[in-house]
Amino acid sequence: MHDVLIIGSGSAGAVIANRVSEDPNRTVLLVEAGPDYPDLSETPFDLVNSHNNSYTDHDWGFNYEPTRGREAKFPRGRVIGGSSAVNTTIALRGVPEDYNEWADLGCPDWRWEKVLTAFNRLERDLDYGAESYHGDAGPITIRRYPHEELELPQQAFLDSADRLGYKYCADANDPDDYGAGPHPMNKLGRLRVSTAVGYLAPARIRPNLTIRANTTVTRILFSGCKATGVEVQNADGSTETLNAHLVVLSAGALMSPKILMHSGIGPKTQLESFDIDVIGDEPGVGQNLGDHPALSVVCEVNDSAIINHDQPIIQTILRYTAEGSDKRNDLQIEQISFAGRPDGPALFSIAAVLEYQYGRGELRLRSANPSDPPIVDNRFCEDDRDTRRLVACMKDTLAFTGKGALKDMIKSITFPDPARGTDDESLAKLCRRFSGSGYHPCGTVKMGDVKDPLSVVDQYGRAHRFDNLVVADASIMPFVPRANINLTCIMIGEMIGEWLRTKPEHYL
Ligand SMILES: Cc1cc2nc3c(=O)[nH]c(=O)nc-3n(C[C@H](O)[C@H](O)[C@H](O)COP(=O)(O)OP(=O)(O)OC[C@H]3O[C@@H](n4cnc5c(N)ncnc54)[C@H](O)[C@@H]3O)c2cc1C
């Protein structure tokens, strides 16, 4: 029997495993469905190589429906380190208003001044570590590419941004700033500094931490309303029960709600339709799915020598506010260094991304079989407030193709087809049909006030209506912050990991 059993070793789960096992008197069992690579020198190249995402070798193979009737792949890391081990290594924080809005929704301990402590603790910022809003001693190393290390399309993006009148922003994580500049990134050269590298590598020598890889949790077990452990499936197909005093669910925004539903916690009618015994009717499980809808402008370049599929896929960002919007920094534009296939035409793209989302999607079970993937409907751009601002962002993105160094590089725009029109109505149709995920699903096990019918856990991650059960990952975010969410997931691991370490009595 372990003191704490953590399901999933991703951006949040690996951090919690580290923080809780700092107490030598508490035993921690970290259960991960994917493989482990304890010897870093034997880590496969796709996990080391942060110049591009790893999409297949360590992936769950899920699909989703971004807009009605259209299906696409939805990558999620299945490996020690979770999605932090396969991602693009953009290390951006939300704006302070995001966390203050969370606080106003029944989570006062997530106010900006409080989460800032955790953001500072998690990072070693090599450029701005001395600033009061940064850290210089944390497990995740963060750095920005200096101008001379930027690939040509990335340099050109900043030149065009300047010509279009956007101000330069040296540190996109300065809480008050905005503009175009280098992305803060958790990579060193090619090396991806995942939570497996930053948090688990130094902790795995602790005798009170056990890491059990290739072990898939099928459901959480309960005695009445109290979690007592989990049922797992091993790689050889055998099943087993693992007991613990406290279960922490950190399987990510797609798997955490799914595991809860297979355990009998979720919308009653849905569970009953699959003959799953209902332990608790929780209408919020799987609802409130948030993300960042995005659409790209794809361009063929004049000189194919500019495009190299082995260069860093991204290095720069523009954070800014839509005209008339009261949500600061609600839009992003990013230069993607290459697009398409290496053996195809020489392409790059410029991504328009909506950062403050009003619409919500939904995740449901496909069947009663825990091995079946979930059904994920994002329903992007069904809320006109989202469509309107993504259209504005697309127009601003198209402007980059007509100004400065980017204009000089571009031979033609291949998407959206200029012949089909770039007026508001044409672009709105495109957004409603083709916008896709920024790969930031969240919100499906919402934290908040117990009076909110959709909230499942309180602000400390504790299940409202079940004992000895904590949820801590992207799924608890009340809504998506205005930034790529990996750093916020690590921050969630830091916040809840520290509470678990310092106030264990609050959790049992
Ligand atoms: C391709 C890609 C690129 C991205 N790029 C960026 C980026 O550049 N910057 C950024 O900020 N964000 C990025 N993201 C998003 C970000 O990485 C994720 O939102 C974040 O890592 C999610 O953290 P998490 O802890 O919620 O879940 P995860 O990190 O996904 O961790 C969940 C873990 O639980 C395990 N698990 C799931 N189910 C079970 C089960 N039944 N039993 C046992 N284990 C289980 C999984 O294998 C996984 O290890 C990207 C995501 C992807 C996929």
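First listed ligand is number 1; within each ligand, the first listed atom is number 1. In this chain, residues are counted from 1 in sequence order.
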Ring centres of Phe157 and Phe348 under 6.0 Å apart?
no
Under 3.5 Å between some N or O of ligand 1 and some N or O of Arg78?
no
Give me the nearest non-hydrogen protein atom to atom 35 (C) of ligand 1 as residue plus atom name, then the distance to 0.1 Å.
Glu32 OE1, 3.3 Å
Does an N or O from Ser54, backbone or side chain, lie closer than 3.5 Å to an N or O of ligand 1?
no
Distance under 4.0 Å to a non-hydrogen atom of Gly77: what atoms of ligand 1 satisfy this?
46 (C), 47 (O), 48 (C), 49 (O)
Partner residues of His183 under the ring pair (Phe, Tyr, Trp, His ring centres under 6.0 Å) criterion, sequence neighbours left out
none
Of all protein heavy atoms, the one nearest atom 6 (C) of ligand 1 is Asn87 CB, 3.5 Å
Is the ring centre of Phe479 less than 6.0 Å from the ring centre of Tyr356?
yes
Just jot down the ligand 1 atoms closer than 4.0 angstrom to any heavy atom of Ala12, in number order.
25 (O)
Atom 7 (C) of ligand 1: which protein heavy atom is closest, and how many Å away?
Ile90 N, 3.6 Å
Check for me whether Val79 has a heavy atom closer than 4.0 Å to any atom of ligand 1.
yes
Report the nearest protein non-hydrogen atom to atom 16 (C) of ligand 1: residue, atom name, distance rounded to 0.1 Å.
Asn486 CB, 4.0 Å
Any idea how Tyr64 and Phe380 line up, ring-wise: parallel (<30°), tilted (30 to 60°), or perpendicular (>60°)?
perpendicular
If you measure from each non-hydrogen atom of Ile259 to ligand 1, which part falls under 4.0 Å: side chain, backbone, both or neither?
side chain
Identity of the nearest option to atom 24 (P) of ligand 1, non-hydrogen atoms only, from Asn186, Asn484, Asp473, Val230
Asp473
Of Val15, Leu487, Val79, Asn486, the one forming a side-chain contact (heavy atoms from CB on, under 4.5 Å) with Ser84 is Asn486
Does Gly13, backbone or side chain, put an N or O under 3.5 Å from an N or O of ligand 1?
no
Under 4.0 Å from any heavy atom of Ser250, which atoms of ligand 1 are there?
32 (C), 33 (C), 34 (O)
Do the side-chain N and O atoms of Asn173 and Arg93 include a donor-acceptor pair separated by under 3.5 angstrom?
no
State which residues pass side-chain hydrogen bond (donor to acceptor under 3.5 Å, both in side chains) with Asp473; sequence neighbours excluded, sorted by chain then number.
Ser256, Ser475
Atom 2 (C) of ligand 1 has as its nearest protein heavy atom Tyr439 CD1, 3.8 Å
